Amino acid sequence: MFEAEQERIGEQIRTYCQTQGLTLEAVQWNWIPFSGHWGISLPFFPIAAQESRQGQKINVGARAQELAEGAAAHLGLPAGFERVEAVRGYLNLYFDSGAYARRVLEHVRQEQERFGSGAARGEQVMVEFSQPNTHKAFHVGHLRSAILGDTLARILEFAGYAVIRANYPGDMGLHVIKWLWNYQKFHKGEKPQKDITQWMGQLYAEASRRLEENPDLEAEVRALYQAWDRREPEIVALWEETRQWSLEGFHQMYDLLDIRFDRYYFNSQAEQPGKVMVQDLIERGIAQDERPDGAVIVKLDELLGLKNEKYRVMVVLRSDGTALYATEDLALAKIKFEEYPQLARSLYVVDVRQSLHFQQVFKTLELAGYDWAERCQHIPYELVSLPGNVVMASREGTVVLLEDLIREATERALQVVSDKNPDLSAEQKLEVAKAVGIGAIKYPMLARENAKTVTFDWQAALDFNGQASPYIQYAHVRANSILRKLGGDLPELTEPQHELAPAEVELIELISRFPKEVQRAAAELRPLCLASLGYDLARSFSDFYNQCPVISAEPAVRAFRVHLVAAAKQAMANCLNILGIRAPEVM
RNA sequence: GCCCUUGUAGCUCAAUGGACAGAGCAGCGGCCUUCUAAGCCGUUGGUUGUGAGUUCGAAUCUCACCAGGGGCGCCA
């Protein structure tokens with residue numbers, strides 16, 4: 001937020017270093033830890049070490065301190081700062097706290113819900129996520145891609161990118177045929193009730209069970225698959241109708257989760273174009289057709305002349321000529337860039353087990369000469385497992401259905417809100433329960449490194465205490481409560497006339513960090529940065545809330561603190577919003 | 001066999017290569033005539049899997065090893 005000053009001082013330090021016969025490459029400012037004041041810090045060890053490497057016999061620590069002291073003397077006291085010190089090899093510059101505080105709060109007041117957002121970059125990014133299979137249940141295991149992808153899209157958008165949110169449902173395959181077979185034979189004419197995906201999932205499980213109990217029936221399923229391949233109108237019509245049911249079911253789910261998409265691509269739509277691309281690869285000698293004895297493959301390591309196996313061999317078409325996922329992924333990538341030629345990046349939020357697959361697909365596209373291949377990137381994430389390291393799988397029956405989880409979480413939240421705040425209207429209570437319940441589900445999936453497994457257990461998921469989203473929401477509500485009680489417009493914002501309490505200092509510091517953390521989260525594609533900051537903000541606000549009275553404070557102090565409360569509330573709201581979690585006004 | 005990934009407090013997880021490795025949960029002890037106790041305060045808890053290396057400085061980078069998870073020609 002104060003880059004201009006930092007840069008100017010960085011220049012001065014560089015000049016100072018030159019007078020010492022040293023070159024300072026990049027000025028990397030750090031935060032000053034455990035200071036209780038704001039400021040920026042620069043270690044002089046790298047420069048001292050530079051001298052050491054040039055053969056001078058020096059004590060690096062002592063020399064760093066010497067240089068820091070020299071730099072401090074050279075700088076004097078720059079405008080906007082109230083103290084400069086050299087400590088243990090670090091140069092610390094402390095902002096003029098009154099001016100700094102006013103500036104942060106003023107900035108938030110002007111930006112409001114845009115606070116923390118980056119300037120538009122004019123760069124288009126597609127984020128593909130969720131990819132649910134139609135004709136199947138939607139369980140907690142599917143949740144991570146949906147939530148992670150949605151939040152990444154929000155982060156990128158807020159950071160200044162033009163984001164296209166894409167979904168890619170698996171709407172064809174053996175699982176769909178099985179479902180259709182079971183429906184035709186045992187459920188003809190039935191229509192889904194209110195929990196659509198649950199019903200679809202039940203029918204799928206039933207189909208699997210029937211086939212397992214009586215394997216002879218698989219001949220019927222195969223026959224049906226062939227009918228589909230011939231595109232028999234009756235089958236196609238049934239597929240289209242039932243697929244729509246699934247999509248409606250997904251839509252209900254996304255609605256509950258506040259997740260939306262701009263564009264849907266379908267598995268089935270990439271099948272034929274994929275086969276065309278494979279034919280092209282064969283003709284150009286990139287793919288090898290080993291049919292009828294083998295499949296169509298791309299020998300990636302061999303083509304690249306690699307000695308160690310890395311990309312291995314990718315099968316791009318089955319020996320019977322039918323398409324695989326790989327076939328379709330080749331086409332899908334191309335379809336995306338045909339539709340959006342300006343895409344700077346095409347991201348795939350897909351679980352980590354498919355890392356090799358995506359490396360193969362992207363490398364093959366690169367070999368085929370598509371210049372956009374290098375703009376494709378797989379964003380891997382680990383799965384959601386159950387305690388005891390049990391992976392959720394529909395077939396094993398080890399799943400927690402999403403409907404059940406959402407219902408349970410919101411019911412639990414409703415109970416708590418009714419208990420804590422009985423005066424709210426039934427409508428308000430329900431709204432709060434949804435915000436809290438959904439937030440409690442989302443937060444643990446975001447406050448974790450993408451590459452780390454999320455272990456789902458009911459107790460932790462429904463625990464609304466501690467480091468969880470209800471804590472942040474609650475802090476937001478408390479801030480709102482103060483503002484509501486004071487009512488009316490905010491007084492004029494001036495520099496604080498009182499000495500700021502440590503809790504005020506820390507809170508302002510955290511608020512000021514938000515814009516940078518947004519950029520970092522976008523650059524690293526890690527929602528965790530913001531999940532952590534949101535929690536830190538809430539904790540810091542709670543601290544302030546307990547130590548610094550607002551309403552009962554004397555007028556001058558109150559005038560300043562009201563603005564601090566408003567800024568903190570805005571920062572927490574923006575942070576929650578970017579995570580896809582609602583910030584209620586009461587709870 | 002090859003590749004990827006994880007290992008931090010009893011448990012779940014943090015920590016832009018930087019100054020004393022931090023939270024939550026669980027445990028124990030306190031705090032509601034004071035802006036919502038979904039909160040706050042106090043307290044207990046660590047040779048960052050092991051061993052080397054790079055660096056002025058390593059939980060973080062490199063290598064080896066140990067342990068868990070995942071992936072490796074027609075599953076998705």
Side-chain angles (χ1 to χ4, degrees), chain A residues 28-34 41 43-50 52-53 58-61 63-64 87-90 92 131 133 170 173-175 267 290-291 294-299 308-320 322 324-326 351-357 359 380 382-383 385 389 391 413 416-417 419-421 436 444 447-449 451-455 457 459-460 463-468 470-471 473-475 477-486 516 520 524 528-529 531-532 535-536 539 542-543 545-553 561 565 586-587:
Chain A
Q28 188 60 57
W29 292 108
N30 297 330
W31 299 311
I32 304 175
F34 30 75
S41 164
F44 274 77
F45 302 104
I47 313 166
Q50 194 181 320
S52 170
R53 271 195 299 275
I58 52 162
N59 177 318
V60 171
R63 180 60 177 148
V87 179
R88 303 175 68 180
Y90 292 86
N92 295 333
Q131 308 105 341
N133 280 328
L174 193 57
H175 72 279
N267 208 303
E290 296 185 337
R291 287 176 292 178
V296 180
I297 58 173
V298 179
K299 294 182 174 175
N308 297 329
E309 35 182 2
K310 181 171 183 189
Y311 296 99
R312 299 165 191 270
V313 172
M314 176 168 68
V315 177
V316 290
L317 200 66
R318 287 199 188 91
S319 49
D320 66 1
T322 56
L324 297 102
Y325 240 51
D351 80 76
V352 67
R353 293 179 300 187
Q354 294 182 45
S355 295
L356 177 61
H357 165 78
Q359 279 191 51
E382 257 297 353
L383 303 178
S385 68
N389 225 346
V391 175
V416 178
V417 74
D419 193 39
K420 304 279 180 190
N421 212 339
V436 171
R448 208 158 256 75
E449 213 63 74
K452 287 191 182 176
T453 308
V454 171
T455 302
D457 72 279
Q459 206 185 336
D463 186 357
F464 297 154
N465 296 314
Q467 192 167 2
Y471 179 87
Q473 293 169 315
Y474 185 61
V477 163
R478 282 172 141 187
N480 181 56
S481 179
I482 293 174
L483 297 175
R484 191 183 55 235
K485 290 224 159 126
L486 285 168
K516 255 199 171 145
R520 185 158 80 101
E524 298 175 6
L528 166 65
C529 305
S532 295
Y535 176 74
D536 289 342
R539 198 159 43 97
S542 297
D543 201 27
Y545 183 90
N546 285 296
Q547 289 176 35
C548 307
V550 179
I551 294 174
S552 64
R561 286 185 177 163
V565 172
V586 291
M587 65 189 268

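Everything numeric here is computed off the predicted structure, so don't read it as measured data. Both backbone and side-chain heavy atoms feed into the values below; hydrogens, waters and symmetry mates do not.
With the nearest nucleotide of RNA chain B identified for both A:Ala451 and A:Arg88, A:Ala451 has the one nearer the 5' end. Residue-to-nucleotide proximity on RNA chain B shows that, of A:Pro43 and A:Glu382, the 5′-proximal contact is made by A:Pro43.
As judged by a 4.0 angstrom heavy-atom cut-off over every strand, A:Pro444 is placed among residues making no nucleic acid contact.
Residues that satisfy the ring pair (Phe, Tyr, Trp, His ring centres under 6.0 Å) test with A:Tyr474, not counting sequence neighbours, are absent from this structure. Scanning for side chain to side chain donor-acceptor pair (under 3.5 Å) contacts around A:Glu449 gives A:Arg526, with sequence neighbours left out.
Glycosidic conformation of B:C66 is anti; the angle lies outside 90° of 0. A glycosidic torsion no more than 90° from 0 defines the syn conformation; B:G70 lies beyond that range and is anti.
For the C1' atoms, the distance from B:G30 to B:C35 is 23 Å, rounded to whole Å. Comparing the same atom, C1', in B:A9 and in B:U5 gives a spacing of 24 Å after rounding to whole Å. B:U50 and B:A59 have their P atoms separated by 11 Å, with the value rounded to a whole Å. The C1' atoms of B:C2 and B:G45 are separated by 42 Å, rounded to the nearest whole Å. Distance check on atom P: B:U44 versus B:G29 gives 15 Å, rounded to whole Å. Going from the P atom of B:G57 to that of B:A67 covers 32 Å, rounded to whole Å. B:C31 and B:U6 have their C1' atoms separated by 41 Å, given to the nearest Å.
For the pair A:Asn30 and A:Pro43, the minimum side-chain heavy-atom distance is below 4.5 Å. A:Val315 is listed as a side-chain neighbour of A:Leu324, based on a closest heavy-atom distance under 4.5 Å.
Rounding to whole angstrom units, CD1 of residue A:Ile32 and C1' of B:A19 are separated by 11 Å. Atoms OH (A:Tyr311) and C1' (B:C3) sit 12 Å apart, rounded to a whole Å.
Between A:Asp320 and A:Arg318 there is no salt bridge, since no side-chain nitrogen of the basic residue lies less than 4.0 Å from a carboxylate oxygen of the acidic one.
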Base-contact (B) and sugar-phosphate-only (S) positions in nucleotides 71-76 of chain B, heavy-atom cut-off under 4.0 Å, - elsewhere: BBBBSB

Under 4.0 Å protein heavy-atom contacts per nucleotide of nucleotides 8-14 of chain B, with B for base, S for backbone only and - for none: ----SSS

Sugar-phosphate or base contact per nucleotide [nucleotides 35-45 of chain B; S, B, -; heavy atom under 4.0 Å]: BBSBSSS----

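Proximity of a side-chain donor or acceptor of A:Asp543 to a complementary backbone N or O of A:Arg539 within less than 3.5 Å is not detected.
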Bracket notation of RNA chain B in which parentheses pair within the strand, [ ] cross earlier pairs, and | pairs with another strand (Watson-Crick or G-U, under 3.5 Å): (((((((..((((....[...)))).(((((.......))))).....(((((..]....))))))))))))....

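When every heavy atom of A:Ala451 is checked against every heavy atom of A:Glu382, the shortest pair comes out as O-CG, 3.2 Å.
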